[in-house]
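Working notes, beginning with the structure itself.
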Amino acid sequence: MKFNKPASLVLAAILSAVTLTVAAQPMVGGAAMYPTRDIVDNAVNSKDHTTLVAAVKAAGLVDTLKSPGPFTVFAPTNEAFAALPAGTVDTLLKPENKAKLTSVLTYHVVAGKMDAAALMAAVKAGGGKATLRTVEGDPLTVVVSGGKVMVMDESGGTATVTIADVYQSNGVIHVVDKVLLPK
């Protein structure tokens with residue numbers, strides 16, 4: 001079988017591009033995250049974010065996080081929620097605590113799309129730290145320590161960004177290892 005060299009080169013280039021695109025998709029919780037999907041449609045596939053997804057549903061924030069945004073979400077893992085004092089998550093998920101749950105969740109969201117480069121630029125411009133206003137209304141502080149991006153809440157808690165720049169059709173997610181709490 002004889003191959004047409006130009007056609008073979010074109011096919012090879014297309015296959016390389018497809019492979020690169022698939023390989024470039026970040027994996028979160030064992031699932032590929034696709035920049036063509038919104039925050040909710042990607043998050044529901046992550047095995048590491050089932051608690052966050054349940055909380056977003058209980059707070060009635062699904063439609064908001066499916067809207068055009070853009071949003072920057074600091075997404076705590078299941079382990080981050082499990083590290084809260086015993087009973088905290090169950091208490092927050094109760095219908096009578098919807099306002100508190102909404103406050104905690106929206107404290108993890110910043111309006112606009114701030115990928116790692118934008119966060120680094122803000123930290124540099126702020127002389128080593130950046131203050132971000134959350135959708136909840138209170139600030140988060142971002143610093144770089146030991147080469148890692150750290151996000152500090154008003155209550156003294158610090159989360160480390162473990163996976164940055166998970167691009168979504170309506171923003172960007174940064175996976176964090178702690179739940180951030182407003183005052």
Side-chain angles (χ1 to χ4, degrees), residues 28-29 31 33 37-116 118-119 122-123 129-143 145 148-183:
V28 177
M33 299 287 114
R37 294 183 184 164
D38 64 49
I39 291 166
V40 174
D41 289 345
N42 270 320
V44 297
N45 294 316
S46 169
K47 292 177 185 158
D48 291 343
H49 290 90
T50 56
T51 305
L52 178 61
V53 169
V56 165
K57 289 177 180 177
L61 295 173
V62 171
D63 289 342
T64 300
L65 292 175
K66 288 181 78 56
S67 73
F71 303 105
T72 299
V73 178
F74 295 98
T77 61
N78 294 341
E79 286 183 9
F81 280 101
L84 292 171
T88 301
V89 173
D90 291 336
T91 300
L92 285 172
L93 291 174
K94 291 180 180 177
E96 62 268 23
N97 296 321
K98 184 177 178 180
K100 178 67 175 167
L101 176 61
T102 300
S103 175
V104 170
L105 293 175
T106 57
Y107 191 61
H108 290 79
V109 180
V110 175
K113 184 177 180 179
M114 294 198 72
D115 62 10
L119 288 173
V123 168
K129 69 179 182 177
T131 301
L132 308 177
R133 181 69 49 196
T134 67
V135 171
E136 183 267 347
D138 290 323
L140 289 173
T141 302
V142 178
V143 299
S145 177
K148 296 181 180 191
V149 176
M150 312 296 282
V151 184
M152 298 180 292
D153 64 26
E154 291 184 300
S155 301
T158 301
T160 301
V161 174
T162 58
I163 302 173
D165 292 346
V166 184
Y167 293 104
Q168 318 291 303
S169 64
N170 60 345
V172 63
I173 290 175
H174 302 290
V175 177
V176 294
D177 65 353
K178 298 277 189 289
V179 176
L180 301 161
L181 299 171
K183 277 194 169 182

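Numbering starts at 1 and runs along the sequence shown.
- Summarising the geometry of Val135 relative to Ala111, their closest heavy-atom pair is CG2-N, 4.0 Å, with the distance given to 0.1 Å.
- Of all non-hydrogen atoms in Val104 and His108, the two that sit nearest each other are O-ND1, 2.8 Å.
- Heavy atoms from other residues, nucleotides or ligands lying under 6.0 Å from NZ of Lys66 number more than 12.
- Looking only at distances, a side-chain donor or acceptor of Tyr107 sits under 3.5 Å from a matching main-chain atom of Pro139.
- Panel note: side chain His49, backbone Val44; no donor-acceptor pair is recorded below 3.5 Å.
- There is a side-chain donor-acceptor pair under 3.5 Å between Thr50 and Asn78.
- Across every non-hydrogen atom of Val123 and Ala130, the tightest pair is N-CB, 3.8 Å.
- Of the possible donor and acceptor atoms, one in the side chain of Asn170 sits under 3.5 Å from a partner among the backbone N and O of Ile39.
- The closest donor-acceptor contact from the side chain of Thr51 to the backbone of Phe81 lies at 3.5 Å or more, if one exists at all.
- Put simply, the side chain of Asn45 gets close to the backbone of Asp41: a donor and an acceptor are under 3.5 Å apart.
- With Ser103 contributing its side chain and Ala99 its backbone, the two residues share no donor-acceptor pair below 3.5 Å.
- Between the Ser46 side chain and the Asp48 main chain, a donor and an acceptor come within less than 3.5 Å of each other.
- When the options Ile163, Thr72, Val151, Val166 are evaluated for a side-chain contact (heavy atoms from CB on, under 4.5 Å) with His174, the one that passes is Thr72.
- For the residue pair Asp115 and Tyr167, a side-chain donor N or O sits within less than 3.5 Å of a side-chain acceptor on the partner.
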